Amino acid sequence: MFERFTRDARAVVKRSHEEAARLRSPTVDAEHLLLALAAPASGPPAQVLAEAGLDRDRLLAAFDAELESSLEAIGVPAAELLEQAPPSGWRSPRWGQSAKLAMERSVHAAATRRDRRLLPGHLLLGVLRAEAGTVPRALERAGVDPPRLAERMSAAL
Amino acid sequence: MPSTAIPSPESPADGLAAVVALRRLADRLEDAQVERALRDGWSWSQVAEALGVTRQAVHKKHAKRLAGANPRRRSV
């Protein structure tokens with residue numbers, strides 16, 4: 001899969017793994033891909049995200065808010081429990097399904113556009129094409145419309 | 001004691017998101033409580049029995065992550 005990835009795209013993938021490790025997640029998820037894409041070093045996708053007000057801090061806040069609200073919605077006092085149990089310890093995260101799905105969709109996006117190389121922008125398209133799960137829910141809570149963001153990214157590719 | 005209805009998820013999307021969130025919460029609670037138990041002097045076997053899993057499973061899942069949490073305990 002990675003043969004057509006540009007050096008920058010591979011750097012995004014590597015950065016996603018680093019994000020997941022930094023956040024002590026057992027898996028590298030689509031959220032971590034999105035965090036990696038928001039880093040200025042990722043180039044155009046970071047600009048598209050920044051224009052929508054989505055820097056790393058804002059994304060982290062959105063993910064936390066989504067987790068808390070999903071728990072509160074079924075009566076679990078999320079904030080307290082999460083505070084008592086911060087992520088801890090050293091781990092090397094394994095690739096999670098949501099990240100794999102996002103990358104497959106990125107490859108498909110590049111293929112559909114007949115782009116010969118896969119750029120960081122395609123990775124953002126892949127993430128934004130999620131049909132369900134944490135990322136679309138968090139983005140919705142942050143007041144962002146994924147299809148519109150995807151259009152802006154496509155235009156910039 | 002007043003009864004408090006536990007709200008039920010509004011839609012399948014919300015319901016499934018609640019499942020995902022509960023799993024993440026359970027993972028974090030497990031991580032925190034396993035570490036706490038070990039620091040308190042529990043053995044890996046005791047932690048495993050409390051969780052209803054094998055000692056090997058608990059060790060595999062947590063030992064590397066917690067290297068140093070209970071240095072006086074043998075790792076096996």
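Each chain gets a letter, A, B and so on, in the order the sequences are listed, and its residues count up from 1. This structure is a prediction, so every number in the text was calculated from the model and none was measured. In what follows, every heavy atom counts, from backbone to side chain, and hydrogens, waters and symmetry copies are set aside.
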Heavy-atom neighbours of E140(A) CD exceed 12 at 6.0 Å | no
Considering non-hydrogen atoms only, spot the tightest contact between S88(A) and E35(B) and give its length.
-> OG-OE1, 3.5 Å
About how many Å separate CZ of R24(B) and CG of D29(A), when rounded to the nearest 0.5 Å?
-> 7.0 Å
Please indicate whether R4(A) has more than 12 foreign heavy atoms, meaning atoms of other residues, nucleotides or ligands, lying under 6.0 Å from its CZ.
-> no
For E49(B), does the CD atom sit with more than 12 other heavy atoms under 6.0 Å from it, leaving out its own atoms?
-> no
Proximity breakdown for E66(A) and chain B, heavy-atom pairs closer than 4.5 Å | side chain
Interface moiety of T134(A) toward chain B, non-hydrogen atoms closer than 4.5 Å = side chain
When the 4.5 angstrom heavy-atom criterion is applied to R28(B) and chain A, the contacting part is both
So CZ of R24(A) and CZ of R65(B): to nearest 0.5 Å the spacing works out to 10.0 Å
Tell me, do D14(B) and I74(A) make a side-chain contact under 4.5 Å, heavy atoms counted?
-> no
Count the heavy atoms belonging to other residues, nucleotides or ligands that lie under 6.0 Å from CZ of R148(A), then report whether that count exceeds 12.
-> no
Within a radius of less than 6.0 Å around CD of E131(A), do more than 12 heavy atoms belonging to other residues, nucleotides or ligands occur?
-> no
CG of L29(B) to CG of L82(A): how many Å apart, nearest 0.5 Å?
-> 8.0 Å
Quick one: what part of A21(B) sits under 4.5 Å from any heavy atom of chain A, side chain, backbone, both or neither?
-> both
Inspect the surroundings of CZ in R56(A) and state if more than 12 heavy atoms from other residues, nucleotides or ligands are less than 6.0 Å away.
-> yes
Is the count of non-hydrogen atoms from other residues, nucleotides or ligands lying under 6.0 Å from R10(A) atom CZ greater than 12?
-> yes
In terms of heavy-atom contacts, S70(A) and A18(B) come closest through O-CB, 4.0 Å
